[in-house]
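Only one structure is covered here, and it is reproduced in the block below.
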Amino acid sequence: MAPSPTGFLHIGNVRTALFNWLFARHEGGEFRLRIENTDTNREVEEATQQIQDSLRWLGLDWDGDVTFQLDRLQDCAEIARRLVEEGRAYEDEGAIRFRMPDDGVTAWDDAVRGRVEFPNDKLEDVVLVRSDGRPTYNFASPMEDVWDGITHVIRGEDHISNTPKQINIIRAVGAEPPLYAHVSHVLGADGKSLSKRHGSVTVDEFRHAGYHAPALMNFLALLGWSYDDKTTIMSPDELIERFSLDRIVPSPATFDYEKLDWLNGMHLRALSPDEYADELVKFLRDEGYDWDESLVRRAAPIVQEKIERFGQFPDFAGFLFRQIDPESVTLPAGGAPVVTAAHEELERVEPFAAPEIEAALRGLAERLEVSPRKAFEPIRIAATGSKVSPGLFESLELLGKDETLRRLSAAAGGAAA
RNA sequence: GGCCCAUUCGUCUAGUGGCCUAGGACACCGCCCUCUCACGGCGGCGGCACGGGUUCGAAUCCCGUAUGGGCCUCCA
């Protein structure tokens, strides 16, 4: 994987990195990370660090040290000099250009697209070394592939037209080109390249939104790759086990945020209660919530079936950790008497636990001759400030008897107190 | 403009000449389950860009057109 350090790692590039990683891990090979920083003007200071953080969070570990393209400046200069001596390159206004062949075709068997051919007379003489001595991408990149023993180059389709140039350079130095696999781009819903206005595009943004790394990985893998005609949910290990280059499709894929949400929910629900609680605690801590950890852990099981992203937790279960806004407590018509009755009923419940609470409230509904659905709605609103919440009885248990009674009486206008 | 790449339900895809009256998943709609919301179950809607070939037979092979995209920088 060879990103340029010009900013945050875009999710499209992350998918390319993922294909590289899955392929390397599947084959028992190495996944290498190289920073293409030959264009020092555009380099962004923190980008190199952010790229690594992003890959690590997603679970993509690389082999060996991160390498930097500019570190090969001397080696590149030497090769360029030799090419000039051999007549395969020439000076042009201080720069060195490579002499591309004039006739015939340059072709390769792309692992994703099959055979691709370019007429050589369309290949311009590319600059190898700039007049200030720095190598260009189209020179340094193929040379590093050679020096690092890169066997497979899996990259975006925007590099297709660079490939014949790089192949000619590699052959000119007497080396064999690696195998190339050009994967398509990732698009937004409007068919344009995925960008900010479509939603989250950097790994960081997905992390802060509360996505689970293995779920995002699963989703990304399915963007342009499939295992068979029915398998959708796969763990990182399963992806590694099943991945192959020949099942990558060449056409561009549109990023579907709704499917990602669904897939994330599936992964989250499949977690053991302990794993789920651990992840939830970690997420909330990272996002700056100082909520009581033991209560978060007790709340975890009652939200696991309900939300599809950790980012929804504060809205969905925040009522357990902070006072609810009185404005949000608007009882439906005829709700107040029910809340008052519930208050009386719950005062007597001991222990104040879900099964006992349930028995009491169902008994109440029966006595009032109201359906449970109708009876519980005002109680839910009074206690949680919302018509939508985790299971009512479990929620009340976690809220505690005192707080529950306090909220019910506040909602009923204090009459119950 | 030149060169190159792509084109199956709204979306992700299965499909490599007969197994396809095109399968699965997300989304959407309906029903069931149900304390809300989810989950789950059942059902539905919906597609081979178009035109020519090749073949007994084409989503699958070939050609053309259209549409989308990439590159054409001393960017990567």
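Any value given below was found using the heavy atoms of this structure, including those in side chains, with hydrogens, waters and symmetry copies removed. The structure presented is a predicted model; accordingly, all values stated were derived computationally and were not measured. A note on names: the letters A, B, ... follow the listed sequences, proteins ahead of strands, and every chain is numbered from 1.
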Contact class for [X] vs. all strands (heavy atom < 4.0 Å): base, sugar-phosphate, or nothing?
X	answer
A:Asn162	base
A:Phe219	nothing
A:Pro390	base
A:Asn37	nothing
A:Ser226	sugar-phosphate
A:His182	nothing
A:Lys192	sugar-phosphate
A:Arg247	sugar-phosphate

Sticking with atom [atom1], work out how far [N] lies from [M], rounded to a whole angstrom.
N	M	atom1	result
B:rG30	B:rC37	P	13 Å
B:rG43	B:rC50	P	30 Å
B:rA66	B:rG52	C1'	14 Å
B:rA14	B:rU55	P	30 Å
B:rU7	B:rA49	C1'	7 Å
B:rC48	B:rC9	P	7 Å
B:rU60	B:rA22	P	15 Å
B:rU54	B:rC61	C1'	8 Å

How close or far is atom [atom2] of [N] from atom [atom1] of [X], stated in whole angstroms?
X	N	atom1	atom2	answer
A:Asp110	B:rG70	CG	P	18 Å
A:Leu73	B:rC74	CG	C1'	14 Å
A:Lys230	B:rA22	NZ	P	16 Å
A:Asp92	B:rU73	CG	P	13 Å
A:Glu93	B:rC74	CD	C1'	10 Å
A:Leu9	B:rA76	CG	C1'	14 Å
A:Asp229	B:rC20	CG	C1'	13 Å
A:Met100	B:rC72	CE	C1'	13 Å

* Given side chains that start at C-beta, do those of A:Phe19 and A:Leu245 come closer than 4.5 Å, heavy atoms only? ->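 No, every pair of side-chain atoms sits at 4.5 Å or beyond.
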Query raised in the report: If you draw the axis of the six-membered ring of A:Tyr227, does the NZ or CZ of A:Arg242 fall within 45° of it and under 6.0 Å from the ring centre?
Result: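 Yes - A:Arg242 lies over the ring of A:Tyr227, closer than 6.0 Å to its centre and within 45° of its axis.
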Quiz item: Quick one: is the NZ or CZ of A:Arg34 closer than 6.0 Å to the six-membered ring centre of A:Phe68, and within 45° of its axis?
Solution: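 No.
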Under a 4.0 Å N-O cut-off, is there an ion pair linking [X] with [Y]?
X	Y	value
A:Arg197	A:Asp190	yes
A:Asp125	A:Arg99	no
A:Arg407	A:Glu403	yes

Selected nucleotide, minimal atom distance to [X] side chain, candidates [options]:
X	options	answer
A:Ser4	B:rC72, B:rC35, B:rA76	B:rA76
A:Arg130	B:rG70, B:rC75, B:rC26	B:rC75
A:Arg362	B:rC74, B:rC35, B:rA14	B:rC35

Discussion item. With nearest nucleotide decided by heavy atoms, which residue, A:Lys165 or A:Asp132, maps closer to the 5′ end of RNA chain B?
Written reply: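 Comparing both residues, the 5'-ward one is A:Lys165.
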Quiz item: Between A:Asp228 and A:Ser389, who's closer to the 5' end of RNA chain B by nearest nucleotide?
Solution: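 Result of the comparison: A:Asp228.
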Complementary nucleotide for [N] - Watson-Crick or wobble, under 3.5 Å:
N	answer
B:rC39	none
B:rA25	B:rU11
B:rG2	B:rC71
B:rU65	B:rA49

In 5'-to-3' order, the base (B), backbone-only (S) or no-contact (-) status of each nucleotide in nucleotides 2-12 of chain B, using a 4.0 angstrom heavy-atom cut-off, is SSSSSS---SB
Donor-acceptor pair under 3.5 Å, [X] side chain vs [N] base:
X	N	answer
A:Asp158	B:rA76	no
A:Arg373	B:rC35	no
A:Lys306	B:rU36	yes

- Would you mind telling me which of A:Ile96, A:Ile169, A:Thr38 makes a side chain to side chain contact (heavy atoms under 4.5 Å, CB included) with A:Phe139?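 Option passing the side chain to side chain contact (heavy atoms under 4.5 Å, CB included) with A:Phe139: A:Ile169.
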> Any idea how A:His267 and A:His212 line up, ring-wise: parallel (<30°), tilted (30 to 60°), or perpendicular (>60°)?
Replying inline: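 Geometry flag for A:His212 against A:His267: tilted rings.
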- Using a cut-off of strictly less than 4.0 Å, decide whether A:Arg134 has a side-chain nitrogen or oxygen near OP1 or OP2 of B:rC74.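 No, A:Arg134 has no side-chain N/O under 4.0 Å of OP1/OP2 on B:rC74.
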- request: State whether A:Arg269 places a side-chain N or O below 4.0 Å from either non-bridging phosphate oxygen (OP1 or OP2) of B:rA38.
  value: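 The answer is no; no side-chain N or O of A:Arg269 sits under 4.0 Å from OP1 or OP2.
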Please find the pair of heavy atoms, one from A:Trp108 and one from A:Ile160, that lie closest to each other, and give the distance.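 Smallest heavy-atom distance, with atoms named: CH2-O, 3.5 Å.
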Legend entry - Distance-minimising heavy-atom pair for A:Ser184 and A:Ser251: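 Result for this residue pair: OG-O, 3.0 Å.
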**Report entry** Derivation and outcome, salt bridge (charged side-chain N to carboxylate O under 4.0 Å, His left out), residues A:Glu345 and A:Arg367
**Finding:** CA-CA 11 Å; A:Glu345 197 67 37; A:Arg367 233 177 310 115; 2.9 Å; yes
